[in-house]
Amino acid sequence: MSENAKLPPLPTGTVTGRAVTWAKKNLFDGWFNTLLTIGSIAFLAWLIPPIIEWAIINATLEPSIEACSEVTGACWGFVNANLRLILFGTYPYDEQWRPLLAMIILIGIICASLGGVKYPSVRKWIIPMWVIGVPVIAFLMWGGFLGLTYVQNSYWGGLPLTLILSSIGIVFAFPFGLLLALGRQSNMPALKTLSVVYIEVIRGVPLITVLFMASVMFPLFLPDGVTIDKLLRAQIGIIMFTAAYLAEVFRGGLQAVPRGQFEAGESLALPYWKSMRLIILPQALRLVIPPTVNSFISMFKDTTLVVIIGLFDFLGTVKLALRSDPAWTKYYVEGYAFAAAIFFLICFSMAKYSAYLEKELRKGERR
Amino acid sequence: MTIATETKNDALRPPSSEDVITVSKMNKWYGNFHVLKDIDLTVRKGERIVICGPSGSGKSTLIRTLNRLEVYQQGEITVNGIHLGDDVKNIEAVRRDVCMVFQHFNLFPHMTVLENLTLAPIWVRKMPKKEANDLAMHYLERVRIAEQAHKFPGQLSGGQQQRVAIARSLCMQPKIMLFDEPTSALDPEMVKEVLDVMVELAKEGMTMLCVTHEMGFAKEVADRVIFMDAGQIIEMAEPQAFFDNPQNERTKLFLSQILSH
């Protein structure tokens with residue numbers, strides 16, 4: 001109460017009046033803040049106009065090298081001219097509507113699942129949606145029957161490949177990571193040792209190594225004649241790697257749930273898995289939403305590393321486009337800026353969703 | 001015999017002669033530390049037992065062995081005719097009949113009060129949701145807290161939470177209830193509301209083992225009071241004999257300490 005009494009009365013009057021009051025209170029209270037405010041404004045004034053000038057005012061969208069060489073700003077024409085190569089990689093040109101449609105379906109299912117999870121009427125459709133959606137996406141991408149020509153997955157590339165690798169990565173790494181975390185906490189020595197060794201070994205090596213092992217070493221151990229698809233190997237490598245990190249995140253959450261919660265479950269005769277599913281995991285996972293999403297974001301960006309084993313993800317296709325014609329090569333800033341913008345858009349959406357999810361879950365408990 | 005004692009005898013049904021818990025020569029160690037030493041205890045159906053003793057005497061550990069929250073290394077425990085050993089089926093069977101109320105309530109914070117109560121009936125007893133809800137509301141009314149059914153545990157006072165915890169146990173319709181210092185974590189003004197519920201249960205003939213220092217409760221409802229120290233049962237007697245004429249020096253010392261204020 002006494003603190004409230006000290007606060008100045010709410011500003012009244014005109015909008016400008018309120019803005020001035022706000023600025024005085026937040027930007028110019030004391031010489032130090034005034035200095036910081038002026039310094040920041042000067043810095044932004046120095047930084048932003050040239051960027052706008054380069055990216056918008058002096059830029060061109062025209063997809064020709066001639067138009068680009070005439071302007072002093074950004075050559076978005078490079079992206080414009082190579083858009084389909086950047087988006088879909090080496091997927092046969094006439095068939096590129098298929099990855100486009102597959103991508104739209106995938107994004108649609110993801111958005112419906114994430115947004116609909118709080119409505120029971122939508123929630124019951126989430127699993128059927130994936131069960132139907134994934135085969136449809138696979139059919140569109142591979143084809144091979146019903147009039148669609150077969151497209152080998154070594155031709156897949158670009159944004160659909162990035163999205164497929166990361167969404168399937170998340171869907172499988174999540175439960176696998178959870179099992180590893182539970183295994184590490186297990187009373188059974190063999191299971192515990194196995195989980196610890198797995199987590200520590202995988203965490204201890206770079207993803208590049210895991211991908212190399214999956215692509216070069218792993219086939220050496222297979223019997224003659226047995227081959228496992230390169231894309232599948234990369235996908236498994238990503239899942240294995242992410243699961244090890246997630247396992248440690250989940251373990252943190254499990255440790256934060258009080259011992260009494262486990263005991264309460266036991267004393268009500270709930271078997272281990274039911275107790276986990278109904279009592280422990282809902283609490284543990286809620287606690288670790290921020291680091292879990294952190295892992296997902298870093299995994300999403302790490303999918304770009306598949307380029308080293310010859311798969312062209314979204315960043316890989318940008319490089320491919322830059323090399324497609326020597327005349328375009330000097331517009332790499334535009335190419336990477338475009339790729340960065342798309343990556344940022346997706347990662348930022350994940351971060352925003354995580355914040356939303358936390359808020360939603362808190363709302364429940366404090367109602 | 002005064003009228004008062006007659007009503008008391010009326011309200012408190014004497015336990016039957018049927019044994020529901022048998023503990024014989026039970027020993028437990030934590031590493032090298034001998035926590036429970038040669039425990040022998042028989043509990044009859046409908047009997048109300050209060051266990052007291054200084055902290056670290058093993059009283060909580062003892063009742064926690066009875067639903068296998070703690071393992072023991074030597075001896076035998078039989079509950080409701082089921083041998084309590086490593087067999088998971090047996091453990092789950094025993095836990096369906098033996099419920100525990102904890103010092104820190106251990107309600108599930110992410111569920112409403114009603115969901116806390118219906119969880120075990122639905123998932124362990126396979127009861128239809130509607131029926132489980134009715135059962136839960138019935139017991140919430142019993143502990144006089146039905147109006148809080150849709151709140152979350154964090155929004156309730158300690159006394160209310162403990163009453164919810166008792167109702168949650170009752171929803172399993174247990175044959176035996178274990179209370180592990182149910183009032184120790186409560187503010188003083190909330191102790192009575194929880195004890196009142198426990199007294200009612202005792203009068204209905206529930207088999208109860210209660211670790212507590214509430215000696216008024218022991219005098220009012222207990223059939224036997226057990227005093228433990230250093231992992232052993234030192235003294236076991238009816239409340240009147242226990243409080244008026246303790247035999248062991250350690251019991252006398254303990255009683256003088258806790259009854260002096």
Side-chain angles (χ1 to χ4, degrees), chain A residues 117-118 120-121 123-124 178 182 185-192 250 252-290 292 354 356-367, chain B residues 60 63-64 66-71 82 86 88-112 115-126 150-155 161 164-165 168-174 176-180 185:
Chain A
V117 78
K118 77 171 179 169
S121 56
R123 193 156 52 203
K124 62 172 185 260
L178 209 49
L182 293 175
Q185 290 214 317
S186 166
N187 295 325
M188 287 175 262
L191 193 60
K192 188 186 170 99
F250 295 152
L254 288 170
Q255 281 174 345
V257 176
R259 181 86 204 113
Q261 294 289 311
F262 291 83
E263 289 179 351
E266 287 183 337
S267 78
L268 290 171
L270 280 165
Y272 177 82
W273 287 107
K274 277 182 191 158
S275 189
M276 273 295 156
R277 182 159 69 87
L278 300 164
I279 300 169
I280 308 302
L281 291 179
Q283 297 182 57
L285 295 181
R286 187 174 305 192
L287 289 168
V288 295
I289 290 171
T292 305
S354 124
Y356 158 83
L357 196 61
E358 273 185 90
K359 213 172 94 201
E360 279 296 308
L361 291 170
R362 259 205 309 272
K363 217 193 283 175
E365 258 164 64
R366 297 205 175 140
R367 188 165 43 210
Chain B
S60 286
I63 68 163
R64 286 160 59 89
L66 301 179
N67 67 344
R68 196 73 180 181
L69 286 185
E70 301 281 352
V71 299
I82 304 166
D86 292 326
V88 180
K89 282 264 172 303
N90 281 4
I91 294 173
E92 278 173 13
V94 166
R95 284 175 180 166
R96 276 194 287 272
D97 288 336
V98 181
C99 276
M100 180 173 260
V101 174
F102 299 88
Q103 181 178 0
H104 297 286
F105 333 132
N106 296 355
L107 295 175
F108 308 129
H110 59 300
M111 297 178 187
T112 63
E115 286 164 347
N116 264 276
L117 266 66
T118 56
L119 183 80
I122 290 173
W123 293 96
V124 178
R125 294 251 187 258
K126 315 284 179 211
H150 297 287
K151 287 195 180 166
F152 285 87
Q155 297 166 307
Q161 290 194 43
V164 170
R168 179 174 72 177
S169 291
L170 290 173
C171 281
M172 281 296 281
Q173 297 172 309
I176 300 165
M177 282 186 76
L178 309 172
F179 292 84
D180 187 2

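All figures in this text were calculated on a predicted structure; none of them were measured in a lab. A, B, ... follow the sequence lines: proteins, then strands. Residue 1 opens every chain.
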Exercise. Looking at residues at least two apart in the chain, or sitting in another chain, which of them share a side chain to side chain donor-acceptor pair (under 3.5 Å) with B/R64?
Worked result: A/E263, B/E70
Problem set entry | pair B/V124-A/K274: side-chain heavy atoms closer than 4.5 Å | no
Seminar exercise, completed: Expected contact set for residues 254-262 of chain A against chain B at heavy-atom separation under 4.5 Å reads A/G260, A/Q261
Problem set entry | Separation between CD1 of A/I279 and CH2 of B/W123, rounded to the nearest 0.5 Å | 11.5 Å
Exercise. Is the shortest heavy-atom distance from the side chain of B/F102 to the side chain of A/S267 under 4.5 Å?
Worked result: yes
Problem set entry | Euclidean distance, B/H110 NE2 relative to A/L278 CG, rounded to 0.5 Å | 7.5 Å
Problem set entry | Interface moiety of B/V94 toward chain A, non-hydrogen atoms closer than 4.5 Å | neither
For this session: To the nearest 0.5 Å, tell me how far B/M172 CE sits from A/L270 CG.
Result: 7.5 Å
For this session: Measure distances from B/L178 to the heavy atoms of chain A and classify the residue's part below 4.5 Å as side chain, backbone, both or neither.
Result: neither
